[in-house]
Amino acid sequence: MAFQKFCNMEQSLFTRLVRLGVPTVDLDAQGRARPGIASLYNWRYKKLGSLSHVMVHPEYKKPNAGFVFHYQLIDVQDFNGVGESELNPFFYQNLREVEYVVATFMYMRLLGYPAEKISVLITYNGQKHLIRDVIKQRCGRNQFIGTPHKVTTVDRYQGQQNDYILLSLVRTKTVGHLRDVRRLVVAMSRARLGLYVFGRVSLFSNCFELTPTFNKAEPLETPPIIEEKKEEMLETQPVESQDVKMEG
Ligand SMILES: Nc1ncnc2c1ncn2[C@@H]1O[C@H](COP(=O)(O)OP(=O)(O)OP(=O)(O)O)[C@@H](O)[C@H]1O
C-alpha cells in the first residue's frame, strides 16, 4: 500500500498524460445511456450532454416494464440487526442486499427481460461470491430464470455496459472505496436503459464526495428512493462462498 502511494499508482494514464502537458479534448456527449441516467455522472465532466439517438431512438423512449423509474435508489435496512458483515478483512457481505438483488433479477426475468441484458454489479468481492452462490441455487437450475449476463465487481466491469444494471453497494457502516469518485462514475455509467441501486441511502447520501449523484439537485431528476417496509424476511441459507463456478 505504501509503495502504491509512493509511486502514485492510483493515478490513471489519462491523468499522467494531462499532467505531462499532452493536449486533450473533452468528451461533450455520451451515447450509451438514457439522459436521465447520464445525469447521475455528467457532473464529473465540463459539459457532458447526450447524442441525439439516446433521446429519439424508440428503445430509449420506452419505459422499463414493471418499474416506475429508469433509475431507482432502494434503501436496504439491516437483516436480523446486521447490515454489512466482514468475515475476513475486506471481505464484505450484506445478506439483505443479496436478497433484494436476486429477487429483482427474478422479477425482471418473470416479466420477460432477457437474462443476458441484465448484469449485477457489486462493490466488493465478498458480496459478489455470495450473490453468485444464491443466484446459482435459486435461479441457475430454473430454465425460466437462468443467470444474469455477468455478476461481477464494478472494477472488473470497467469499459463494459448492459441494458439493465442491478448494483449492490454493500457497506452500511462506512462508505468505503466508493468514496473514490472515479469508481462511483464507473458504477453509475454502465447501464443503458435501467439502473437499480441497492444500498444504505443515509450513508451514501451523506457522503460529501458523492452528493452530486445521491442528492440530485434538480427535482425532476431526483432519484426516487424506495423505503423498505419493516417486515421480517424469510430465513435464507447462503452457501459457502468458496464453491463459485461462474465466470466474470
Ligand atoms: N457517435 C456515436 N454514435 C452512436 N453511439 C455511440 C457513439 N459514441 C458512442 N456511442 C455508444 O456509446 C457507448 C459507449 O461508447 P464507448 O464504449 O466508446 O465509450 P467509452 O468512453 O469507452 O465508455 P466507458 O469508458 O465509459 O466504458 C457504446 O454503446 C457506443 O455504441
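Just so it is clear, the model here is predicted, and its values are computed rather than measured. Just follow the structure's listing: the first ligand is 1, and inside any ligand the first atom is 1.
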What's the shortest distance from [atom] to any protein heavy atom, and which residue and atom give it?
| atom | result |
| --- | --- |
| atom 8 (N) of ligand 1 | Leu51 CD1, 3.9 Å |
| atom 17 (O) of ligand 1 | Arg32 NH2, 3.6 Å |
| atom 30 (C) of ligand 1 | Gly31 O, 4.6 Å |
| atom 5 (N) of ligand 1 | His53 CE1, 3.2 Å |
| atom 26 (O) of ligand 1 | Arg190 NH2, 2.8 Å |

I'd like to check [atom] in this structure: does the protein have a heavy atom lying under 4.0 Å from it?
| atom | result |
| --- | --- |
| atom 1 (N) of ligand 1 | yes |
| atom 21 (O) of ligand 1 | no |
| atom 12 (O) of ligand 1 | yes |

### Contacting atoms of ligand 1, where contact means under 4.0 angstrom from a heavy atom of Gly159
27 (O)
### Task
Just do the side chain to side chain contact (heavy atoms under 4.5 Å, CB included) check on Lys61 and Arg34 with the steps written out, would you?
CA-CA 8 Å; Lys61 295 184 90 174; Arg34 296 183 194 269; over 6 Å; no
### Task
Decide side chain to side chain contact (heavy atoms under 4.5 Å, CB included) for Asn94 and Phe198; before the verdict, give the C-alpha distance in whole Å, the side-chain angles of both, and the deciding distance to 0.1 Å.
CA-CA 10 Å; Asn94 181 326; Phe198 302 83; over 6 Å; no
### Criterion side chain to side chain contact (heavy atoms under 4.5 Å, CB included) against Val151, the qualifying member of Ile135, Val102, Ile118
Ile135
### Task
Using the ring pair (Phe, Tyr, Trp, His ring centres under 6.0 Å) rule, pick out the option among Tyr164, Phe105, Tyr107 that qualifies with Tyr113.
Tyr164
### Message
Using the ring pair (Phe, Tyr, Trp, His ring centres under 6.0 Å) definition, which of the options Phe91, Tyr92, Phe90 pairs with Tyr124?
### Response
Tyr92
### Message
Would you say the rings of Tyr100 and Phe79 are close, in the sense that their centroids are separated by under 6.0 Å?
### Response
no
### Task
Output, in order, the C-alpha distance, side-chain angles, deciding distance and verdict of side chain to side chain contact (heavy atoms under 4.5 Å, CB included) for Lys128 and Asn125.
CA-CA 5 Å; Lys128 174 188 79 178; Asn125 267 312; 2.9 Å; yes
### Query
N/O to N/O below 3.5 Å, does that happen between Ser189 and ligand 1?
no
### Query
For ligand 1, is any non-hydrogen atom under 4.0 Å from Gln161's backbone (N, CA, C, O), its side chain (CB onward), both, or neither?
side chain
### Query
Going through the distances and angles, do Lys117 and Asn162 end up as a side chain to side chain contact (heavy atoms under 4.5 Å, CB included)?
CA-CA 6 Å; Lys117 297 287 182 194; Asn162 210 343; 4.2 Å; yes
